[in-house]
Amino acid sequence: MPQQQKDHVREAILGAARRRFAERGVKGAALATIAADAGTSIGNLYKYFTDKEELFAAAVPPALVGQLRGLLREQVEALGVEREVDTLAPDHPYWEAAARTRAFSIAHRHELLLLLRHAAGTVYASFPGDVVADLSRLAASYARRAYPEFTLTAARGRALRRIYRAYVGSIADILADERSPRALGEATRWLGTYHLAGLRAFFAAAAGGAARRE
């Protein structure tokens, strides 16, 4: 008679897999180590997942990736035409969207760290670049709304992509370095404050230069 699977054992295996994948990448994470971390045997792990590929697919499902990209889009679009983020009311949609993104990042820290640092060789290999492209495109769209004089030249587009490569890299650093939810939340808030101030200066300078040329 087949042994019945237990939800708590399955979740323990998935949790251990996410931690090891985030630290070592999928290729570097041994199934035996994952099983030991989960408090079970390698033989028992195979009763839940036939191989590492199936375990990875369950640990980092496509829906999670889509949800993150959707949250980032929602956060940028919530700014509307506002320039001074610091003056927004506490109940402004931007702060609500930012809180949802932060909560998601805290809840899925290991999955995000894997996607940003160890996605090579997986179906999510393009994820870091895709996020940079998403954010650059969203930022340019926001700039055209909030700074009507702003135009996206080829040089400015390259600058935005460099800005967001650094930003996404900093997010990965925070996910790796800050272990507690409180520290992770605080670090992302400070990064966001710094990042938004820099973007505001970038867009204002670019828009001002366009206005002067006219």
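For clarity, every value in this text was computed on a predicted model and none was experimentally measured. The chain is numbered in sequence order, starting from 1.
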Closest non-hydrogen atom pair, Ala58 against Phe49: CB-CE2, 3.7 Å

Closest heavy-atom pair and its distance - Lys52, Lys27: NZ-O, 3.5 Å

Contact summary for Ala22 and His110, nearest pair of heavy atoms: CB-O, 3.4 Å

Pairing of Glu23 and Arg20 as salt bridge, 4.0 angstrom limit: yes

Within one Ile-Leu-Val-Met-Phe-Trp-Tyr cluster: Ile174 and Trp190, side-chain cutoff 4.5 Å: no

Arg18 side chain to Glu111 backbone, donor-acceptor under 3.5 Å: no

side-chain hydrogen bond (donor to acceptor under 3.5 Å, both in side chains) partners for Ser105, two or more places apart: none

Salt bridge Arg19-Asp37, side-chain N to carboxylate O under 4.0 Å: no

Joint hydrophobic cluster, Tyr194 plus Phe202, side-chain heavy atoms closer than 4.5 Å: no

Test ring-ring contact (aromatic ring centres under 6.0 Å, His included) applied to His195 and Tyr164, step by step: CA-CA 9 Å; His195 174 70; Tyr164 276 105; 4.9 Å; yes

Closest contact, heavy atoms only, Ala97 versus Ala78: CB-CB, 4.3 Å

Residue pair Tyr124 / Val60: nearest heavy atoms and the distance that separates them: OH-O, 2.8 Å

For the student: nearest non-hydrogen atoms of Arg83 and Pro148, plus distance: NH2-CD, 4.0 Å

